[in-house]
Amino acid sequence: MLRELKIKFPDIIAIMMTGYAETSYAIDALNAGAAAYVLKPANIDHIKHLLSRALEHQRLLEENKACRRPCEIGTCSWKIK
């Protein structure tokens, strides 16, 4: 399901929560694009931290795109390596 969501909404942030402690489920979720994998019962402070970290990561990605855009259209004064 997450793979399909990531195809339709590539910028979506997904934090998977489950009651299954199987390592293979966590690996599958992370490989599918989950930002994190949390076991139930989850600590609310831990979830807040994960959300904060994921949102900061998304903000940095958007900032990076905005900085690269002028260079991609040839209007910047420096080159991307």
Side-chain angles (χ1 to χ4, degrees):
M1 177 190 269
L2 180 56
R3 289 185 200 284
E4 289 84 15
L5 279 173
K6 293 294 278 186
I7 290 168
K8 289 184 180 181
F9 308 100
D11 295 332
I12 195 168
I13 298 172
I15 297 175
M16 304 296 288
M17 182 183 289
T18 184
Y20 299 105
E22 292 289 325
T23 305
S24 63
Y25 292 140
I27 292 169
D28 289 345
L30 295 171
N31 285 338
Y37 186 85
V38 181
L39 292 176
K40 293 179 186 177
N43 176 303
I44 191 69
D45 290 328
H46 181 62
I47 292 174
K48 287 179 183 177
H49 171 74
L50 291 173
L51 287 170
S52 175
R53 191 176 77 185
L55 290 171
E56 176 64 7
H57 179 76
Q58 187 174 40
R59 186 192 68 76
L60 290 171
L61 289 175
E62 290 300 317
E63 184 178 310
N64 185 282
K65 284 181 194 175
C67 290
R68 286 177 174 265
R69 206 165 286 124
C71 292
E72 290 169 353
I73 60 173
T75 61
C76 71
S77 60
W78 54 276
K79 297 292 180 192
I80 299 173
K81 293 182 180 180

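For this chain, numbers begin at 1 and follow the sequence in order. Predicted model only: the values in this text are computed from it and were never measured.
- Taking both residues in full, the closest heavy atoms of Ala42 and Met17 are given as CB-CE, 3.7 Å, listed atom of the first, atom of the second, then distance.
- Linking Ile, Leu, Val, Met, Phe, Trp and Tyr residues whenever their side-chain heavy atoms come within less than 4.5 Å leaves Ile7 and Met1 in two separate clusters.
- Rounding to the nearest 0.5 angstrom, the gap separating the CG atom in Leu61 from the CD atom in Glu56 is 10.0 Å.
- Between Leu2 and Met16, the closest heavy-atom pair is CD2-SD, 4.1 Å.
- Taking hydrophobic clusters as Ile, Leu, Val, Met, Phe, Trp and Tyr residues chained together by side-chain heavy-atom distances below 4.5 Å, Tyr37 does not share a cluster with Ile27.
- At a threshold of 4.5 Å between non-hydrogen side-chain atoms, the residues Val38 and Ile15 count as touching.
- Here CG of Asp45 is found 11.0 Å from CG of Leu50. Values are rounded to the nearest 0.5 Å.
- Glu62 places no side-chain N or O within 3.5 Å of a backbone atom of Arg59 that could act as its donor or acceptor partner.
- When all heavy atoms of Ile12 and Lys6 are compared, the closest pair comes out as O-NZ, 3.0 Å.
- Here the closest heavy-atom approach between residue Ala54 and residue Ile13 is recorded as CB-CG2, 3.4 Å.
- Here His46 contributes atom NE2 and Leu39 contributes atom CG; the two are 9.0 Å apart, rounded to the nearest 0.5 Å.
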